[in-house]
Number of protein chains: 2
Amino acid sequence: MDAASTPADDRTGRERILDAAIRRFADQGVDGTSLRTIAADAGVSQALIVHHFGSKEGLREACDTHILGAIRAQMRQAAAEGRDLDVLETFRRRQEHAAALPYLARSLAEGAPSVVALVDELADETVRAMADGVENGTYVPSEHPRERALVLLIWSLGAIALHDHVRRLLGADLTGDPAGLLPYLRGATDLLTDGLFSEALRDRVRDAITQLEQER
Amino acid sequence: MDAASTPADDRTGRERILDAAIRRFADQGVDGTSLRTIAADAGVSQALIVHHFGSKEGLREACDTHILGAIRAQMRQAAAEGRDLDVLETFRRRQEHAAALPYLARSLAEGAPSVVALVDELADETVRAMADGVENGTYVPSEHPRERALVLLIWSLGAIALHDHVRRLLGADLTGDPAGLLPYLRGATDLLTDGLFSEALRDRVRDAITQLEQER
DNA sequence: AGCCTAACTGAACATTCAGTCAGGCACAAG
DNA sequence: CTTGTGCCTGACTGAATGTTCAGTTAGGCT
């Protein structure tokens, strides 16, 4: 059925295909989605997909540049505006980009090659933004600022990649509007404001790490 | 080629099949692996796989119970011994379980149904262990202990799911021996000992959250 | 020896997939 | 009216996949 399109869908076939593909790729994966399914969703013949995008791989690349490009643009915009409160916040500009986060989650999970470049850019941007944040007193200083920034990015992206588990365990919707991620924010801010380790544990952890350093 | 097996591999066919399947499933995904490939790896006919496991799905279930069961057992053992330093540490008992973490990573990424039960158990265990830790002074108290524990678990599992990115960005190998994850530990302990938010930011964050709470 | 069972195989099977091909249809330009 | 020129389609192909099936081999038991 062409659930993706209203009865009178005057968008061009190419747009409907791209839309259906993004949705299917996001929740079934690329390998788990056939061109037939996408064609049916878009109310279009399978041959038209190949006509427009050359191949399934071509369609995948088109989806990647569409979605990942949009995310990239938002990241740059957020960076330019100097917003830096939460890495997640970079993405959560909702509306027509409703499909962006699930698509990103699936791309991360599949280890899609095109997502590597995006993650690398996010990494650079996060390291830079957090250095700024330390400088202007938003964040506390760190002995390992780069590692700290990257781990925080990994945690944020990892939570997105596991958003189904997050929803099940916490009842928080990481792909939806800000209000939906309240439970997640509670846990995250708890950890990021006061930390987790007590005074007693800090030394033990520090010792364990220096021991590891010497072992290598 | 039967790279998985030494020239004189006297293990039973069933074992070789299971071993090859776990390896292939872990790094190509279930859908991305054909029975023919597994059969070739194990030096066995394709029909033998079906003979032993009934179907590809049967083989998948066998792999799941094998690996996820092993992880489960280690978790229970760690819980019984009262170790609770790091959730990751629960898994890192290496040796013959070298394939466990990559397999878990792939299962998490694919959203395999059998991993849901395991994650739920890990969640219960984490919540419980962290409550203990607060009681005996290992961890600092929290306003939202459950959310905090679950977010920490999600972060840990998310990092495993994204271990390729972790390796690329941080040079840390989350699936290997403890020494390999040093850069990750540095960033993580930095965040978990001192937190991230400065005094100035705490109030802003707290305000933002209470505002979200009222909006709903 | 005869028998039974489990391990194992090669060949064939039906299905699904991405991709090809020849052509229809609408509409604008000459 | 004729000639394109995009957009689009149904019918088709070759390759790959999971599964079935008839049969072979080996070893233990009576």
Side-chain angles (χ1 to χ4, degrees), chain A residues 1-2 4-66 106-107 110 112-114, chain B residues 1-2 4-64 66 106 110 112-114:
Chain A
M1 58 176 170
D2 53 345
S5 45
T6 56
D9 196 336
D10 56 350
R11 291 176 306 165
T12 142
R14 195 178 193 280
E15 286 171 326
R16 294 206 308 275
I17 292 170
L18 207 58
D19 190 68
I22 287 169
R23 227 189 306 266
R24 288 287 185 176
F25 284 169
D27 64 51
Q28 305 184 301
V30 176
D31 284 349
T33 306
S34 72
L35 291 187
R36 284 204 250 285
T37 309
I38 297 173
D41 286 353
V44 129
S45 78
Q46 181 184 185
L48 187 63
I49 299 179
V50 178
H51 170 73
H52 277 304
F53 299 95
S55 68
K56 191 184 188 182
E57 181 56 28
L59 174 60
R60 183 221 183 97
E61 286 168 16
C63 292
D64 279 353
T65 61
H66 190 77
R106 178 64 68 167
S107 300
E110 286 182 347
S114 56
Chain B
M1 57 176 171
D2 53 344
S5 45
T6 56
D9 197 336
D10 57 349
R11 291 177 306 166
T12 142
R14 194 176 193 279
E15 286 172 327
R16 293 205 309 277
I17 292 170
L18 207 58
D19 189 69
I22 287 170
R23 227 189 307 265
R24 287 286 184 179
F25 285 169
D27 64 52
Q28 303 182 290
V30 177
D31 284 348
T33 306
S34 72
L35 291 188
R36 281 170 173 79
T37 309
I38 297 173
D41 284 355
V44 131
S45 78
Q46 183 181 184
L48 186 63
I49 299 179
V50 178
H51 169 72
H52 278 304
F53 301 96
S55 67
K56 189 184 188 182
E57 180 57 27
L59 175 59
R60 183 222 183 97
E61 286 168 16
C63 292
D64 279 353
H66 189 78
R106 178 64 68 166
E110 285 182 349
S114 55

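Within every chain, numbering begins at 1; the chains are lettered A, B, ... in the order of the sequence lines, protein sequences first and strands thereafter. Just so it is clear, the structure is predicted and the values come from calculations on it, not from any experiment.
Taking a cutoff of 4.0 Å between a charged side-chain nitrogen and a carboxylate oxygen, B/Asp27 and B/Arg23 do not qualify as a salt bridge. Using a 4.0 Å cut-off between a side-chain N of Lys or Arg and a carboxylate O of Asp or Glu, B/Arg24 and B/Asp41 qualify as a salt bridge.
Nucleotides of DNA chain D lying under 4.0 Å from heavy atoms of chain A occupy a range whose first and last members, 5' to 3', are D/dC8 to D/dG10.
Following rounding to the nearest Å, B/Lys56 (NZ) and C/dT15 (C1') show an atom-to-atom distance of 14 Å.
Here the rule is side chain to side chain contact (heavy atoms under 4.5 Å, CB included) with B/Ile38, and of B/Val44, B/Leu18, B/Thr33 only B/Thr33 fits it.
The side-chain heavy atoms of A/Arg14 and A/Phe53, taken from C-beta on, include a pair separated by under 4.5 Å. Taking 4.5 Å as the limit, every side-chain heavy atom of A/His52 sits out of range of all side-chain heavy atoms of A/Leu59.
Here the closest heavy-atom approach between residue B/Lys56 and residue B/Val30 is recorded as NZ-O, 3.0 Å. The two residues A/Ala39 and A/Ser45 come nearest to each other via the heavy atoms CB-C, 3.8 Å. Between A/Arg16 and A/Ala42, the shortest heavy-atom distance links the atoms NE-O, 2.8 Å.
Residue A/Arg106 holds its CZ atom at 8.5 Å from CD of B/Glu110, rounded to the nearest 0.5 Å. One distance of note links CG of B/Asp64 with CD1 of B/Ile22; it measures 9.0 Å at 0.5 Å rounding.
Of the residues in residues 28-35 of chain A, those placing a heavy atom less than 4.0 Å from an atom of DNA chain C are A/Thr33, A/Ser34, A/Leu35, in numerical order.
For the pair A/Arg36 and A/Gly54, both in contact range of DNA chain C, the more 5′-proximal nearest nucleotide belongs to A/Arg36.
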Check nucleotides 7-10 of chain C against the protein and report each pair of N or O atoms closer than 3.5 Å, with its distance, or say if there are none.
| from | atom 1 | to | atom 2 | distance (Å) |
| --- | --- | --- | --- | --- |
| C/dC8 | OP2 | B/His52 | NE2 | 3.1 |
| C/dT9 | OP2 | B/Ser45 | N | 2.7 |
| C/dT9 | OP2 | B/Ser45 | OG | 2.9 |

